[in-house]
Number of protein chains: 2
Amino acid sequence: MEKHLKSKVTINRLCYKGLDVFAQKGYHNTNLNDILRELCLSKGAFYHHFKSKEDFFVYIVQNLVAQKIYALLVEPLSAQEDPLSAIMESLDKALEPGKSNELIYGFMLGDFLTELDGKQEQISAYLKDILQMWEVNMIGMLKTGKLDGHIARHIDCEGVAAYIISSYLGMRTMKMNHNPKQAKYQYLQQLRHYFNSLRPTAVRA
Amino acid sequence: MEKHLKSKVTINRLCYKGLDVFAQKGYHNTNLNDILRELCLSKGAFYHHFKSKEDFFVYIVQNLVAQKIYALLVEPLSAQEDPLSAIMESLDKALEPGKSNELIYGFMLGDFLTELDGKQEQISAYLKDILQMWEVNMIGMLKTGKLDGHIARHIDCEGVAAYIISSYLGMRTMKMNHNPKQAKYQYLQQLRHYFNSLRPTAVRA
DNA sequence: ATGGCGACCGACCCGGCGGTCGGTTTAAGT
DNA sequence: ACTTAAACCGACCGCCGGGTCGGTCGCCAT
């Protein structure tokens, strides 16, 4: 039974380190040797647990990334009655300069998609699935929010969700070097302006 | 003198095809052989004109991409007195499903940056320069627009510019597969809402 | 103890691709 | 006409990195 445990530990070490390196360098730029050297593991160990580099990556995406996205960005949307406040708060939290510095899960989704779309359709399908999970959930919340009077009736919820996610993903590309603190503040500030334009009282423009 | 001309023609063919392939497949995924085969040129021809793949790429970015960005997204900002209308119109035009289908120059800037940042600092510096040219220009226009009463006085122009560009870049990542017509419409619609929240009359929210 | 199997090792293979280099063609100068 | 150098050719190199494979070690069941 200790065998089984050791296996799990190794797989976990591989995945977390893999996520780290993939997030930093992208899929193609990452080579297994580097990961393995840092973990003091061999090629054999890797290919004992994973079928290929692609298999490895997909495993990471479907487990670590998807879970984190859900916990950070999807699930919190149901916490409040007002969807715009809920979105605001979830993004605020998601942009908190986290523990393992710079591992902002929403961002890397966009990065991977950008890199792999076109080529590697297989993989990007999984990535798109995750993004879509986020999107449809947000749309749903916006729609109920509209019924509850938190959002003006003429607003296109699909468009709003797409716009929010777009700005969130694009922010990473823009503000990579700058200090994250200020970038976050600026971003949330503008988002707040935008949200105000969606409120029922702010109709007529 | 015909020699010189022929050289220019070859360089042009290489660059346009290169831009095309780079935009589709990204920097690392693109290999020179493919480009050369399609153009019926040899390795020798390529390395006669360019020092390396990186040199080639930078040349394309600094010439074709930078010029196009300027013509499409920077220069039009000065065309109107109201910066928000000018930005709106420039993005509208930039998103027009263009001639050589799918060659949306603003997008590929973001794509390249996403792929190359971290690794390839050299190249991404050039990319960032172009983005920044766009950004500072937009900020300038917003500030004069504020003085002219087109924008509310409490608005943070830097934040607005960053937010606009972010949403523009991020939109590509999100809406890659969907029909561009609808995506464009949705995007511009939301941008309009956002812009309304920046107007002086729309203050108080 | 012993057989077996799962975890792991690391030398090796091999294809792809960036880059090189000696050679050939062709246009331009004299 | 002869030279010169440019544009261009394409076989070749060498490295890098994903993937393979025969082998070792040690836990566990019988």
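Here is the naming used below: chain letters follow the sequence lines, and residue numbers restart at 1 for every chain. For clarity, every value in this text was computed on a predicted model and none was experimentally measured.
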I need the [atom1]-[atom2] distance between [X] and [N], as an integer number of Å.
X     : N      : atom1 : atom2 : result
A/F50 : C/dC8  : CZ    : P     : 11 Å
B/N33 : D/dA11 : CG    : C1'   : 13 Å
A/D34 : D/dC16 : CG    : C1'   : 11 Å
A/R37 : C/dC9  : CZ    : P     : 14 Å
A/L39 : C/dC9  : CG    : P     : 11 Å
A/Y47 : D/dG17 : OH    : P     : 13 Å
A/L5  : C/dA7  : CG    : P     : 11 Å
A/L32 : D/dG19 : CG    : C1'   : 9 Å

## Note on the structure
Checking D/dC9, C/dT20, D/dT20 against the side chain of A/K43 (C-beta onward), the nearest is D/dT20
### B/L41, nearest nucleotide to its side chain (from C/dT20, D/dC9, D/dT20)
D/dC9
#### Entry: Nearest-nucleotide 5' precedence on DNA chain D, A/G44 against A/H28
A/H28
### Message
Taking the nucleotide of DNA chain D with the nearest heavy atom to each, does A/E54 or B/A45 sit closer to the 5' end?
### Response
B/A45
### Query
Is there a side-chain contact between A/L142 and A/I87 (heavy atoms, below 4.5 Å)?
yes
### Query
Between A/E89 and A/Q80, is any side-chain donor less than 3.5 angstrom from a side-chain acceptor?
yes
### Message
Check A/D82 with A/R199, please: is the shortest side-chain N to carboxylate O separation under 4.0 Å?
### Response
yes
When you measure from the side-chain N and O atoms of [X] to the phosphate of [N], is any distance below 4.0 Å, counting only OP1 and OP2?
X     : N     : value
A/S42 : C/dC8 : no
B/H48 : D/dA7 : yes
A/T10 : C/dC8 : yes
B/H49 : D/dC8 : yes

### Task
Could you tell me whether B/K53 sits above the aromatic face of B/Y27, with NZ or CZ closer than 6.0 angstrom to the six-membered ring centre and within 45 degrees of the axis?
yes
### Task
Measure from NZ or CZ of A/K51 to the centre of the six-membered ring of A/Y59 and say whether it is under 6.0 Å with the direction within 45° of the ring axis.
no
### Task
Look at the side chain of A/K6 against the base of C/dG6 and say whether a donor-acceptor pair falls under 3.5 Å; ignore hydrogens and angles.
no
### Task
Give one of base, sugar-phosphate or nothing for B/K53, where a contact means two heavy atoms less than 4.0 Å apart.
sugar-phosphate
